Every structure is written in structure tokens, then in C-alpha cells.
Visitor: 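Take a look at this one; I'll ask things after.
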Amino acid sequence: MQPSRSNPILRGMALWLALGGALSLAACDPDKGDGSGDDGGGDDGDDGGTTDSGDVGPGDLEMPEEVLGVPNMDDDNENGDIDWADAAAGDNEQVPVGLDPDALTILGEGSSLSVAFEGEVDLIRVWLGDSVVADEDTTSFELSGDDDLSTLAIEFARPMATGQLVFTHIDAEGAEGDSWTVALQAAPLILNHHLQPAEWAVAVDVGGGPYGNADFISGFRSELGSDFGTVSGSSVGYDVWIQDEIEFGTFTAPGYEMDFVIDSIRNDNGRYLDPYAEDNHLGPDFGSFTWGSGRATSQDSFGNLEVSPPVTVDGVEYPFGRIYYGDSPPYDIADDLQQMMAAQQVQAPFTLDISWLCVGHVDEYISMLPDPDAPKGFRVWVADVDEGQAFLESMDPDEYLPYYRSGHHYETAGDMLDDASLWSYNNDLMEEYIEPSIDIMKAELGLDESDFVRVPGLFERSRDCGGVALALIPATVNMQVNTHDDGVGADLFIPDPFLRGSSTAVRNDPFVQHFEALLPANLTAHWLDDWNTYHMAWGEVHCGSNTIRTPTADWWTEARHLMED
């Protein structure tokens, strides 16, 4: 579990700054009032510059414009439930409204504030000290002189919950006076992209032996050290597909950050990786939740859920990138999850057709890598059949390829090139699915051809998967991107293509040399043996690993233009 990131003191200071110091008294502002806010340079004729309390009144009270917070979906008391379900006073995610503690004095003797609670009242609670004063059952309350206004706080249940508090001044005679409206806004859930620095990576360790992943685990650990963790394979039924089980993101608000993990519905029976998120991440400042229910399809796995880096599309900036995922009607991501992601607004999801793929995940043929020399700071790496054919034609057609003989029934590159039906099938895939996907990404992400790197790819029709496509050459774009703190450099953990003889070192593999020649200088390739455990089981390195990343922008300053009124 990652350490807590909250700091109540910094959080309070950040909230104050975010509100622009709006709780200060106007009578203390030298630009307001009747001149009593003198700079002290001269004699005011009576009390040396002090302001009599009678000089302030309702017009001098300033209220915060809004309260921003994160939804209370972590587990601070570590009882196994998200904290919203506990309704406990003093929780870290209860955000102070920021009322001036002297507000009622400023309003005048005998004054009170009548408060109306409006909006998504089922998703927000209003606290005063240790008591809930407004929720879905109680939508109005009153603040009087006996109340400690500094303890008025807001708690949100879910991302993007919105509401408002309408404060109305009631004077000593019961007459209504001025009113103020304070907006309430919960943070959107923002999913991670590859330009965000990687904090920690994880994979399932299933041990050694011919069908183990000891070399795979060792490759990660040797490069990442303590920034890499493992899950015991025996504890999760040897389910290695940790990318498919969980999707990491973050909630942020002024002065606060919460890591978050969406738990997929792919396993909902307590077996395999199903309890992983709750057992290993749900806790203080780390939330978890599942959207959706019912029978899962392969599209509900999160290798099928990715995010682009920041883009500008038709003049609209997306500072957190855009979500993309594959659909294959009637099979697609659970409706509840689709609706939730769309409701976050700041990452505007779009879809790609993955009906041609056996597993049906977008990470099988697309990835995005930081590139400081690219106009947009990144490039899209995509599997390309034409490049695959050109690469095989550059190889010795008679070199024996032992992995391909045992795994795919081709002994040499020449055997693949001579298979006319293989190329007819791949050319159709390129024309009917891969190129249209590239066109969609150009339109939805504001890209052009210079933003793409086409990587040799080759697919085969799978008899065991309804006659649709699986990677024949390991899908090298299906990699884990461990971005450095500068958001530019990265270590790439890539599936070893094994397009070489058994006595040839990986660095001398012609595919490896070709691929590394395409990489910009900021990226370092690490080739992992994933053949038996992942490739032959219809996945690759990205499918078998996952990454927590650092958020790099503030939605309340960078993405308000994407959020509807």
C-alpha cells in the first residue's frame, strides 16, 4: 500500500488560497468602506486607527464561491468499507466550507443564517462538528450564535457530485436579508496516461519453470528495485492478468490527492484477482470501487481501457488526455462504467472497433510513448502489417526460429512469407480495421501521420478463438511504460520477439535492433521473456503488469472549460 499523501495543514492553506482569501472582512480592506481602512500614517482623531464593530454589517461579509473536494471513497479506518458508508465525523475527506467563524457577529446581534441544501443531495453530506446537518433526508438547517461555523464541512460520495448551499441572513427580528450561494463540486476521477511519471509497478509472480515468469519478474525488479512489487501467484489462483483486473487513477482537490483503483467486473466471485484491489490498495488516501455488474465480457478487462496524453482537438485542450476503449457490439464495457467515465467530462471517451481481435483489447495493437522531439510531446506506436512484411523480407528466409515452430508452426521467416492465406488475412485486417483505427485516432486526438510510428506487426487467425486475430509476432506495442519523473524519459518493458535462433543473444535479434532504431533517445528498451506465460496465453507484457502514476495537472485550473455548468 502506498503512503498517505494528505496533510491537513497544507490542505487548509491550499483551500484558503484556492478561495482567494475570500473569507476576509471587507472592513479590513483599505479600498473599501468610508476611509476607516486608513494606512495608519496619520491620526484618525480618536482611537489610533481601530475599527469599531458598529462599522461592519451584512454587506461586509464575503462568502466562499465554491467548495472543492474528493469523494470519500477511501478507507481511513481500514475496516474494509469505503468511508462514505461509515458516516463518521472528522474524516479526512470532509472539506471545510470556510465560513468566517465571526460571520454571525458581523451580520449583527441576534442574527442567524438559514441554509438551503440543493443539488445531488443523495451524494453529498453537510457536517457541523460531529453532526450531519443536511443530507438527502434533511435539506435545510439554521446556523445560530451557538454554532462553531468553522466546523461546517462537506463530504462527497462519488466523483463529480454537485450541489450548492444557499445562505440567507435572518436578522434579530426574523426578517430575511442578503443571500449567498456556495457551489459544491466533487473532483472528477482522472485516469492515467503514459506521460505521467510512474511511481510503482506490479505483476503477479507465478514462479519459475517452463511456464513460470521468473525472468519476466527479474527483468522488472532489476530495473525498478523497490518501485516494483509482486503478488503471489498462489494467492490469486495464478491469474497473471493484473492489467485487466484494475485501472489506476487519481482524485485531486486543492491541498489533497487520493490514488484510486477501479476494480473490474471480470472476476466478481472472490476468486483469482477479484479481491486484489480491496486487499492491497483500499485504505487511507487510496480508494477503490467497481462500476457495473453481471456477466463480464473480455471488453470489461482494462487492457481494453487506455488514455492518450494531453491533446488539443479542434482548438479544445484536453490537459488530461482522452480515454479510449474498444467495443465489439453487442459486447463492450459495462454500461455503468461507460456512463461514469463520460460523466467525468475532462477526458471525453471515444471508442475503437476491436471486433477483429480475439481478446479484444486496444492495448494489443496501440501504445503511446513520450517523445520530446514530437510536436505534441508523444507519438502513437501502432502494429502495422505492411511493416511486418517488409521486416520479414529483410531477414534471412532460412534462419530457424525455434519459438515460432513450437508456438505457431512456422520454422522460418520464409515460411511465413510463403503463406499466401496469412498475408491475405493480414492485408484485410490492415485495410478494414487497423487503418480505420488510425483515422479515428487522428480525428479524435487531433493527430496527423507524423504523430504515428508504425511497428512491424503480424497476426494469425485463431481457430481456438472464433477465427479472429491473435498476435503471431509478439505485440511489441503491448509494453509497460515506466515514465521518469521528468515526464520525458522512460524505461520500456517490451515482449521479446524471439525472431532469432536459439543461440543468438537478444541484443542481436534483428527485430530488437529494428525496433530500438525507431526509439527516440529518451526511451530505453528492456526486453522481457513473456512467451509461454503471456504470449501463448493471448497476452503480452502490458497485460501482465500495472502502474501507479503521479498526477501532473489540476483540473480546477486546467480543465474547467470541459466541465458543463
Side-chain angles (χ1 to χ4, degrees), residues 201 203 205-225 227-228 230 240 367 369 381 383-384 387-417 453-460 471-482 484 489-537 539-545:
D205 186 348
V206 295
Y211 295 97
N213 65 350
D215 290 343
F216 179 94
I217 296 296
S218 176
F220 273 110
R221 183 170 286 133
S222 64
E223 294 301 326
L224 302 183
D227 292 332
F228 175 70
T230 60
V240 297
S367 188
L369 305 183
W381 289 55
D384 185 287
E387 292 294 324
Q389 183 172 13
F391 172 75
L392 290 176
E393 288 173 345
S394 73
M395 291 182 62
D396 178 351
D398 298 320
E399 182 174 2
Y400 180 57
L401 305 175
Y403 277 78
Y404 289 82
R405 181 184 184 282
S406 61
H408 298 286
H409 310 295
Y410 293 102
E411 292 192 3
T412 66
D415 289 344
M416 295 184 224
L417 289 168
V453 176
R454 292 174 180 255
V455 181
L458 187 61
F459 301 87
E460 63 181 346
L472 197 165
I473 296 174
T476 47
V477 295
N478 190 305
M479 68 182 85
Q480 196 269 346
V481 182
N482 197 80
H484 300 168
D491 291 291
L492 310 180
F493 296 89
I494 312 172
D496 188 333
F498 286 105
L499 277 164
R500 60 185 185 274
S502 56
S503 62
T504 303
V506 63
R507 65 180 179 276
N508 295 324
D509 187 303
F511 190 105
V512 167
Q513 294 175 339
H514 177 88
F515 191 100
E516 291 189 358
L518 297 173
L519 290 174
N522 60 302
L523 304 179
T524 301
H526 308 281
W527 299 90
L528 304 185
D529 179 357
D530 79 339
W531 189 276
N532 286 335
T533 309
Y534 300 93
H535 175 68
M536 293 307 298
E540 306 286 1
V541 172
H542 185 257
C543 307
S545 58

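The model shown is predicted, which means the values in this text are computed figures rather than measured ones. Numbering of residues begins at 1 and proceeds along the displayed sequence.
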Visitor: Any sub-3.5 Å donor-acceptor pair from Asn532's side-chain atoms to Pro210's backbone N or O?
Guide: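 Between the backbone of Pro210 and the side chain of Asn532 there is a qualifying donor-acceptor contact (under 3.5 Å).
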Visitor: State the CH2-OG1 distance between Trp381 and Thr476, to the nearest 0.5 angstrom.
Guide: 8.5 Å
Visitor: Measuring only between side-chain heavy atoms, which start at C-beta, is Thr412 closer than 4.5 Å to Pro397?
Guide: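 No, side chains not in contact.
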Visitor: Does Thr504 reach the main-chain N or O of Asp509 with its side chain, forming a donor-acceptor pair under 3.5 Å?
Guide: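 Judged by distance alone, no pair lies under 3.5 Å.
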Visitor: Answer yes or no: are there more than 12 heavy-atom neighbours, outside Tyr211 itself, under 6.0 Å from its atom OH?
Guide: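 Not more than 12 within 6.0 Å, no.
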Visitor: Quick check against the 3.5 Å criterion: does Asn478 have a side-chain atom that pairs as donor or acceptor with the backbone of Cys543?
Guide: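 Side chain of Asn478 to backbone of Cys543: a pair is present.
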Visitor: Can you tell if the side chain of Val453 reaches within under 4.5 Å of the side chain of Leu369, non-hydrogen atoms only?
Guide: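 SC-SC contact between Val453 and Leu369 ruled out.
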Visitor: Nearest 0.5 Å, what's the CG-CD distance between Leu523 and Glu516?
Guide: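 These two atoms lie 11.0 Å from each other.
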Visitor: Considering all heavy atoms of both residues, which atom of Ala490 and which atom of Val481 are nearest to each other, and what is their separation?
Guide: CB-CG1, 4.1 Å
Visitor: Please check if the distance between the ring centroids of Phe511 and Trp527 is under 6.0 Å.
Guide: no
Visitor: For the side chain of Glu399 and the backbone of Gly501, is there at least one donor-acceptor N/O pair under 3.5 Å apart?
Guide: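 The answer is yes, because a donor-acceptor pair under 3.5 Å joins these two groups.
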Visitor: Of the non-hydrogen atoms in Gly544 and Ala203, which two are nearest, and what is the gap between them?
Guide: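 Minimum heavy-atom contact is O-CB, 3.4 Å.
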Visitor: Minimum heavy-atom separation for Ala505 to Arg500, with atom names?
Guide: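 For Ala505 versus Arg500, the nearest heavy atoms are O-CD, 3.7 Å.
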Visitor: Within a strict 4.5 Å, meaning less than it, do heavy atoms of the Val541 and Ile494 side chains meet?
Guide: no
Visitor: Just verifying a value: how many Å separate Asp415 CG and His408 NE2, rounded to the nearest 0.5 Å?
Guide: 13.5 Å
Visitor: If you apply the rule side-chain contact (heavy atoms from CB on, under 4.5 Å), what do you find for Met416 with Tyr404, and how did you get there?
Guide: CA-CA 10 Å; Met416 295 184 224; Tyr404 289 82; 3.7 Å; yes
Visitor: Once rounded to the nearest 0.5 Å, what's the spacing between atom CG of Asp215 and atom CG of Asp530?
Guide: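 Asp215 atom CG to Asp530 atom CG measures 11.0 Å (nearest 0.5 Å).
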Visitor: I'd like to know if the side chain of Glu540 and the backbone of Pro495 have a donor-acceptor N/O pair within less than 3.5 Å.
Guide: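 Pair absent, no side-chain N/O of Glu540 close to backbone of Pro495.
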Visitor: Give me the one residue out of Val206, Leu528, Thr230 that meets side chain to side chain contact (heavy atoms under 4.5 Å, CB included) with Ile217.
Guide: Thr230
Visitor: Nearest 0.5 Å please: distance from the CG atom of Leu224 over to the CG atom of Asp491.
Guide: 6.5 Å
Visitor: Run the side-chain contact (heavy atoms from CB on, under 4.5 Å) test on Leu417 and Gln389 for me, step by step, so that the C-alpha distance in whole Å, both residues' side-chain angles and the decisive distance to 0.1 Å come before the verdict.
Guide: CA-CA 7 Å; Leu417 289 168; Gln389 183 172 13; 4.2 Å; yes
Visitor: Checking ring pair (Phe, Tyr, Trp, His ring centres under 6.0 Å) against His526, which of Phe216, Phe228, Phe493, Phe220 comes through?
Guide: Phe493
Visitor: For the pair Trp531 and Tyr403, name the ring-plane relationship: parallel under 30°, tilted 30 to 60°, perpendicular over 60°.
Guide: perpendicular
Visitor: Write down the atom of Gly457, the atom of Ala383, and the distance for their closest heavy-atom approach.
Guide: CA-CB, 4.3 Å
Visitor: In sequence, state the C-alpha distance, the side-chain angles, and the governing distance for Met395 and Leu401, and then conclude on side-chain contact (heavy atoms from CB on, under 4.5 Å).
Guide: CA-CA 11 Å; Met395 291 182 62; Leu401 305 175; 4.3 Å; yes
Visitor: If every non-hydrogen atom of Gly407 is compared with every non-hydrogen atom of Met536, which pair is closest and at what distance?
Guide: O-CE, 3.3 Å
Visitor: Keeping the roles fixed (side chain from Gln513, backbone from Arg507), state whether a donor-acceptor pair exists under 3.5 Å.
Guide: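 Here the side-chain-to-backbone pair exists.
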Visitor: Once you round to the nearest 0.5 Å, how far does CE of Met479 lie from OG of Ser367?
Guide: 5.0 Å
Visitor: Could you give me the CA-CA distance, side-chain angles and deciding distance for Tyr534 and Val240, then say whether side-chain contact (heavy atoms from CB on, under 4.5 Å) is met?
Guide: CA-CA 8 Å; Tyr534 300 93; Val240 297; 3.7 Å; yes
Visitor: Do Leu519 and Leu492 have side chains that approach each other closer than 4.5 Å (heavy atoms only, starting at C-beta)?
Guide: yes
